Student: 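Have a look at this one.
Reminder, nothing fancy here: chain letters follow the sequence lines and each chain counts from 1. Keep in mind it's a predicted model, so treat the numbers as computed, not measured.
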Protein chains: 2
Amino acid sequence: MRGKGGRQTIRDLAALAGVSISTASKALNDTGRMGEETRQRVKRVAREIGFRPNALAQGLLSKRSFTIGLLTNDTYGRFTLPVMAGVSEALVDRGVSVFLCAIEDDPALGQVHVDAMLDKQVDGIIATGKRVDRRLPIDLSDVPVPVVYAFTEGGPQSVSFRSDDAHGATLAVEWLKASGRQRILHVTGPEDFFSVRERSDAFRAVAGAAATVLFGEWSETWGRDAVDKIWSAAGDKPDALFCGNDQIARGAVDALRERGIRVPEDVAIVGFDNWEIVAAQMRPPLTSVDMDLKELGRQAGLTILALAEGQAVEPGVRTLPCRLVVRQSCGAGGSVGAGSPGDEKQRR
Amino acid sequence: MRGKGGRQTIRDLAALAGVSISTASKALNDTGRMGEETRQRVKRVAREIGFRPNALAQGLLSKRSFTIGLLTNDTYGRFTLPVMAGVSEALVDRGVSVFLCAIEDDPALGQVHVDAMLDKQVDGIIATGKRVDRRLPIDLSDVPVPVVYAFTEGGPQSVSFRSDDAHGATLAVEWLKASGRQRILHVTGPEDFFSVRERSDAFRAVAGAAATVLFGEWSETWGRDAVDKIWSAAGDKPDALFCGNDQIARGAVDALRERGIRVPEDVAIVGFDNWEIVAAQMRPPLTSVDMDLKELGRQAGLTILALAEGQAVEPGVRTLPCRLVVRQSCGAGGSVGAGSPGDEKQRR
DNA sequence: AATTCATGAGAAAACGTTTTCTCATTTGAC
DNA sequence: GTCAAATGAGAAAACGTTTTCTCATGAATT
């Protein structure tokens, strides 16, 4: 019984149920006064014809579009996607849909997207990036809707979410120490990343201030080079490497294998990011710190919703705990072979 | 001069410009009749106060929301993201925004998302997947808006886009042959994938019907295993491998290196997918077939727009050509070292 | 000087809802 | 049997646009 062409309006519904438009509306929303029989009849007819209210019309009146925008400059989507998944998951059952806008690093493109979103009366904007200490190429400080920042730098008065990388690093190193590793090295990315400094500081706090940190870049190549550098130098060799991301870890594992050094028997490896597609496919599968970006997205979603509903939210940076996902690249207690449970996730 | 709280409406604009609402509207849209001076004055005031029409109100009237939905079950986003980027790129300057809806493989979740999109009066839906021969877990055959399928199976009367994998495979093998490779093997994924059969058929058509195809899974492990199997068998060894995806290629390269076989000097490797993050980080960087998913997204976007505007579009499957992105894993002409140009892309 | 015509601009309807207000009818209390 | 109160339901306004229609005004034609 789909109307000729368009969808059924409340007008059609009212006619079919033999009531006025206002009564129909009130019946559906459980508001107003009317006989119980009438209310049920309207609802029944609505169900029968599959009536669904036009959200545009509702939005026009209520000034809530049940729509938010997710702005990102993370082209490859490695960080954005989990965040997006979390946002979406948190909001879908509240009827909120998400506009995804990928603005490279192009301010003009960003402006176009923001304008389009505002025209469509989004209830709020979540800005995400790929780097916690960089801003998006567009200023959101005076858009007329609430803004929440996730994994990107917001202004001083903004609400931001990011992972607690110090916590993640601590988890990793403590786990290594608990499995009996004595000489742990940290091989990580460029020092000008805030995350790098946060992680390396935490690393030193747990592994000892004298522990070695090697800064480099975020590539497999650097992971290999670091291993070459370490193993071709004189002195004691480490029995564990804590890597700044999974790609570095992968490079390191490859280089170790080429040198005939066994992972995890001789050297345990822990990565960072828990980028499933890399970490789980590695040989051996990589133990890695998971920043729980999905949870981060979920919280950002709930927060933007709260703001949209007019609730006050304390500005500031909120950090979320990390998780250590244990796989075989750091055998439990350094014992040979037996290995830790395959892909089991462990929350601490 | 942002109004108290809300945004400026055309009412405010009209008042400020000293005209009626209708005149204001007509001035902005370059319709109706009025003095040129009036028109310019309205436009000027609009510019000054940064007036932007409320898309909800426009949509209510015009029955076009300038909004489309992108539905996907590709959780990891490896295929969806480039498609999304293309869609967005094609539509953003036409003022169309995109709802991204990730429905795992959950029909109920899919229905929720579709309903939400329809409530919001999307002008159309693009359904994308991760496999050309599988349907999404939800039936879109009678949604009241146009639907276009991209990288997923649509119904018989639907409009679908997919890459021309036969073409991609042909490009790869011809390139290898042109560089002087004689014995080319194809190591690919599970035979029940349509793409796999299409690629392997094309492979055989170019490499010779007797050429060997090894079916397996989409993992690095399989790539390694395949190499082990080939090189531990008796008989001539191949001088080139055409792999079904980049992960298999990666596994193959790793296994070859462990055997002391040089890539590309002894064996050239070509992958499929051109998954930058894998292909470009490999050592050596991987030559790979690019399905041009972004272009696919662009075309899907333009098509859904055409349909939304009421234009007729011939149903059927449209295939898009692939590109071969040449990197160092297949040295030109088998010559040593000199190698082909780094990351240069080559369209054929 | 009377008629037509083009021009400029506003009034009002429409889109599909929700909400407030009003009104008629029934119920209950005296 | 009268009056107040409660009940059921509809009319109308509002949201912010676009579009069609109407109406003055002044210019051009007789």
Student: Check step by step if side chain to side chain donor-acceptor pair (under 3.5 Å) holds for A:Thr128 and A:Thr152.
Tutor: CA-CA 6 Å; A:Thr128 76; A:Thr152 189; over 6 Å; no

Student: Taking only residues two or more places apart in sequence or in another chain, which ones pass side-chain contact (heavy atoms from CB on, under 4.5 Å) with B:Thr23?
Tutor: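 Testing B:Thr23 for side-chain contact (heavy atoms from CB on, under 4.5 Å), a comparison that skips the adjacent residues, returns B:Val19, B:Ser20, B:Met34, B:Thr38.
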
Student: With sequence neighbours excluded, tell me which residues meet salt bridge (Lys or Arg N to Asp or Glu O under 4.0 Å) with B:Glu89.
Tutor: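 By the salt bridge (Lys or Arg N to Asp or Glu O under 4.0 Å) rule, B:Glu89 matches B:Lys294, B:Arg298.
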
Student: By a strict heavy-atom criterion of less than 4.0 Å, which residues belonging to residues 22-30 of chain A are in contact with DNA chain D?
Tutor: A:Ser22, A:Thr23, A:Lys26

Student: By side chain to side chain donor-acceptor pair (under 3.5 Å), which residues pair with A:Glu37, not counting sequence neighbours?
Tutor: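 Scan of A:Glu37 (side chain to side chain donor-acceptor pair (under 3.5 Å), adjacent residues dropped) gives none.
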
Student: Looking at residues 34-46 of chain A, who's got a heavy atom less than 4.0 Å off DNA chain D?
Tutor: A:Met34, A:Gly35, A:Thr38

Student: Checking A:Lys26 now: which residues fulfil salt bridge (Lys or Arg N to Asp or Glu O under 4.0 Å) with it, not counting sequence neighbours?
Tutor: none

Student: Restricting to salt bridge (Lys or Arg N to Asp or Glu O under 4.0 Å), what partner residues turn up for A:Asp74, sequence neighbours left out?
Tutor: none

Student: Looking at every strand, decide which applies to A:Ile21 at a 4.0 Å heavy-atom threshold: base, sugar-phosphate, or nothing.
Tutor: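 Base contact.
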
Student: Could I get the full list of salt bridge (Lys or Arg N to Asp or Glu O under 4.0 Å) partners for B:Arg94, not counting sequence neighbours?
Tutor: none

Student: With sequence neighbours excluded, tell me which residues meet side-chain contact (heavy atoms from CB on, under 4.5 Å) with B:Ser65.
Tutor: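 With neighbours one apart ignored, the set is A:Leu56, B:Thr67, B:Gln121, B:Asp123.
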
Student: What range of DNA chain D does chain B touch, first nucleotide to last, counting atoms under 4.0 Å from its heavy atoms?
Tutor: D:dG16 to D:dT19

Student: Considering residues at least two apart in sequence or located in another chain, which fulfil the side-chain contact (heavy atoms from CB on, under 4.5 Å) criterion with A:Pro82?
Tutor: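 A:Pro82 satisfies side-chain contact (heavy atoms from CB on, under 4.5 Å) with A:Leu293 once adjacent residues are dropped.
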
Student: Output all residues satisfying side-chain contact (heavy atoms from CB on, under 4.5 Å) with B:Arg134, sequence neighbours left out; order by chain, then residue number.
Tutor: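 Only B:Arg131, B:Asp192 meet the side-chain contact (heavy atoms from CB on, under 4.5 Å) criterion with B:Arg134.
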
